[in-house]
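What follows is one structure encoded as structure tokens, with my remarks underneath.
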Amino acid sequence: MNTMLSDLQRRDLNHVWHPCSQMKDYEDFPPIVIKNGKGIYLTDENGKQYMDAVSSWWVNLFGHANERISTALAEQALQLEHVIFANFTHEPAVLLAEKLVEHTPDGLEKVFFADSGSAAIEIALKMSFQYHQQKNKPNKKRFLALTDAYHGETLGALSVGGVGLYNEVFQPLLLDTVRAQGPDCFRCPFNENPESCSAPCLSFVEEKLKVHHEEIAAIIIEPLIQAAAGMKMYPPTYVKQLKALCEQYDVHLIADEVAVGFGRTGTMFACEQAKITPDFMCLSKGLTGGYLPLSVVLTTDDVYEAFYDDYETMKAFLHSHSYTGNPLACRVALEVLKIFEDDNYIEAIGLKSAYMREIATEVFEDHPYVGEYRQVGMVGAIELVKDKVTKEPFPSSDRVGYHIYKIALENGLLLRPLGNVLYFMPPYVITKEEMEKMISITNEAIQQYFETAEVMVVE
Ligand code: PLP
């Protein structure tokens, strides 16, 4: 155990079990105690600053301790902190529902509230299943999901997830999901270029649909970026054609925009780029700009009406969470949407992401261990490879990303790599100079790691 622990670190390790962590790692890498945040920076108890290049798990949009959002939250807290949401409502929820309907693709008319991304996924899966039951399609009780998908950590969400790291151990508990090979543009089996391809890999989904469509209620995807799998990016045409297949085979499309919603891909929602309206859209994370846990599932009138009937028919959707429609979270989410509108952030994201692409490509393109630098909107990813020609990955046991993460932290940058993929998903308030600094610290951390790691460069 590290003997130089601060009081809070020691007390944390006595009782706190941290997420997504092997707690034994904390023996020589104890948790960093953050005292405050401002803009894209977090400051620890010793006064050291860290640039938050991952928006604290992809939630923060407009910086830490944002004045507008904090003020809105404080005002709401003095007025109404919470109220049961069954048979009751309040202005922040009504205004938020209206705004979300206005901003999301046409046809999404109804908003169901929850409190996390995973809960939103559970709701969409359950709604789709129950819809088909109530439409006399009792056999539609399975879901189709892609390899490398990530939709959260609850059992339903894990069932449609495809990243073994998270769901392997729970397999005996999970639903019997139909799995189709998803897009893999970096190691494309068709040798296509994502800029110009017509998504021939969608044939993997079509094959499964042909065989199983009568038993499938919905297909779930992360449009444009399979985020947790390592920021795997794929073109809008895939989503567009998938929606057509869903219609052809009478299967719902669930767009999980928990990670990519609210401007991350350059448009307010990723589905806009495919010009489609999914049957369900799940949103969370950026919804409250990183302030409070809140999620929503948006759906169509067609879905809503399948549940709308006299009480005795027992067709209601009886899903609830205690904090459903929490007024504080709704008020904060409204302020986030107001900031988007007032400050024209979609345009700003366009300019900032173009600059990030330019400088990152220049720095990383020819790096001997960078297989690819890819970017969609304000998500940039560096895929490290052992061999640039064959794209052979580093074995996960090398924990390359983890070691680079530790070096970058030492140097004041918070990255949180996904295996061999380092990525940038900064708050939108990042400036050009800060982007330059983020990229240069990352580059130095990569160099520093490889200089000391005794890895042979493959010529
Ligand atoms: N869906 C996607 C695409 C995600 O990236 C995540 C979380 O990273 C989730 C769902 C789950 O969200 P939460 O962690 O809020 O449960």
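Keep in mind the model is a prediction, meaning the values are calculated, not measured. Both counts, for ligands and for their atoms, begin at 1 and track the order of listing. Every heavy atom of this structure was used, including side-chain atoms; hydrogens, water molecules and symmetry mates were not.
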Is the closest heavy-atom distance from W58 to ligand 1 below 4.0 Å?
yes
Ring center gap for F113 and H321 short of 6.0 angstrom
no
So, D250 versus H132: side-chain donor-acceptor pair below 3.5 Å or not?
no
Qualifying residue for side-chain hydrogen bond (donor to acceptor under 3.5 Å, both in side chains) with Q130, from K126, Q134, Q133:
Q134
Please could you name the atoms of ligand 1 that S118 approaches to less than 4.0 Å, counting only its heavy atoms?
11 (C), 12 (O), 13 (P), 16 (O)
Could you say whether the N/O atoms of E222 and ligand 1 ever approach to under 3.5 Å?
no
With a cutoff of 4.0 Å, is K285 in contact with ligand 1, counting heavy atoms of the residue only?
yes
Under a 4.0 Å threshold between the charged nitrogen and the carboxylate oxygen, would K406 count as salt-bridged to E410?
no
Considering the heavy atoms of A259, write down every atom of ligand 1 situated less than 4.0 Å from one of them.
5 (O)
For atom 6 (C) of ligand 1, find the nearest protein heavy atom and state the residue, atom name and distance (0.1 Å precision).
Y150 CE2, 3.5 Å
Which protein heavy atom lies closest to atom 9 (C) of ligand 1, and at what distance to 0.1 Å?
V258 CG1, 3.7 Å
Please check whether A227 reaches ligand 1 - meaning an N/O of the residue sits under 3.5 Å from an N/O of the ligand, judged on distance alone.
no
Test item: L413 and M438 side chains (from C-beta on) under 4.5 Å apart, heavy atoms:
yes
Give the atoms of ligand 1, by number and element, whose distance to some non-hydrogen atom of G117 is under 4.0 Å.
11 (C), 12 (O), 13 (P), 15 (O), 16 (O)
Numbered in order shown, the ligand 1 atoms found under 4.0 Å of a heavy atom of D256 are 1 (N), 2 (C), 3 (C), 10 (C)
Please determine if D25 and R399 form a salt bridge, counting it only when a charged side-chain N lies under 4.0 Å from a carboxylate O.
yes
Which class fits the ring pair Y323 and H82: parallel under 30°, tilted 30 to 60°, perpendicular over 60°?
tilted
